[in-house]
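For reference, the structure is listed below as structure tokens.
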Amino acid sequence: MSEPRRGWTVWTEELPADVMLDMPPELSKRVVNYLVTLALEVGSAHDQGRALPGDAMDDLGVRYSLAIEGELVVFEYTLHPDTIGVVASRGAALKSAGVR
């Protein structure tokens, strides 16, 4: 039996997931697609020792802030071995989607 294929995974905490569910469907789809692409980009950058996308939010190099170009969506993500987590989201699109 062969080893399972390893890669990078993206996940969201409850609040960002709820925000994405409350977005208009097309925006939600764009955000989800962006996060999937981001997982590949971040994983590749990490594996090759390159700078990660976004603005560093800590001195440890695990928490970053990033905006989705062309959308009023800003979020933070953290990097863990083989996992990228979306931990917070904010922005006009998110507020209009009902974030308190």
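What you see is a predicted model; the values in this text were computed from it and never measured. Any value given below was found using the heavy atoms of this structure, including those in side chains, with hydrogens, waters and symmetry copies removed.
Listed here is the closest heavy atom pair of V31 and V73: CG2-CG2, 4.4 Å. S65 approaches V74 most closely through the heavy-atom pair OG-CG1, 4.0 Å. A51 and A45 get closest at one heavy-atom pair: O-CB, 3.7 Å. Nearest heavy atom pair, residue L79 against residue G61, reads CD2-O, 4.5 Å.
Evaluation of the salt bridge (charged side-chain N to carboxylate O under 4.0 Å, His left out) rule for R50 yields no partner, not counting sequence neighbours. Qualifying side-chain hydrogen bond (donor to acceptor under 3.5 Å, both in side chains) partners for S44, counting only residues two or more places apart in sequence or in other chains: Q48. Take N33 and apply the side-chain hydrogen bond (donor to acceptor under 3.5 Å, both in side chains) test, not counting sequence neighbours, and it matches no residue.
L21 belongs to no hydrophobic cluster with other residues, because no ILVMFWY side-chain heavy atom falls under 4.5 Å from its own, directly or through intermediates.
One distance of note links CE of M20 with CZ of F75; it measures 9.5 Å at 0.5 Å rounding.
Applying the salt bridge (charged side-chain N to carboxylate O under 4.0 Å, His left out) test to every pair with at least one member in residues 52-61, sequence neighbours left out, gives no pairs at all. Residue pairs satisfying the salt bridge (charged side-chain N to carboxylate O under 4.0 Å, His left out) criterion with at least one member in residues 28-41, sequence neighbours excluded, are listed as follows: R30-E71.
Within the 4.5 Å cutoff, the side chain of L35 has no heavy atoms near those of the Y77 side chain. Counting heavy atoms from C-beta on, the side chains of V62 and M57 never come closer than 4.5 Å. Within the 4.5 Å cutoff, the side chain of L66 has heavy atoms near those of the L38 side chain.
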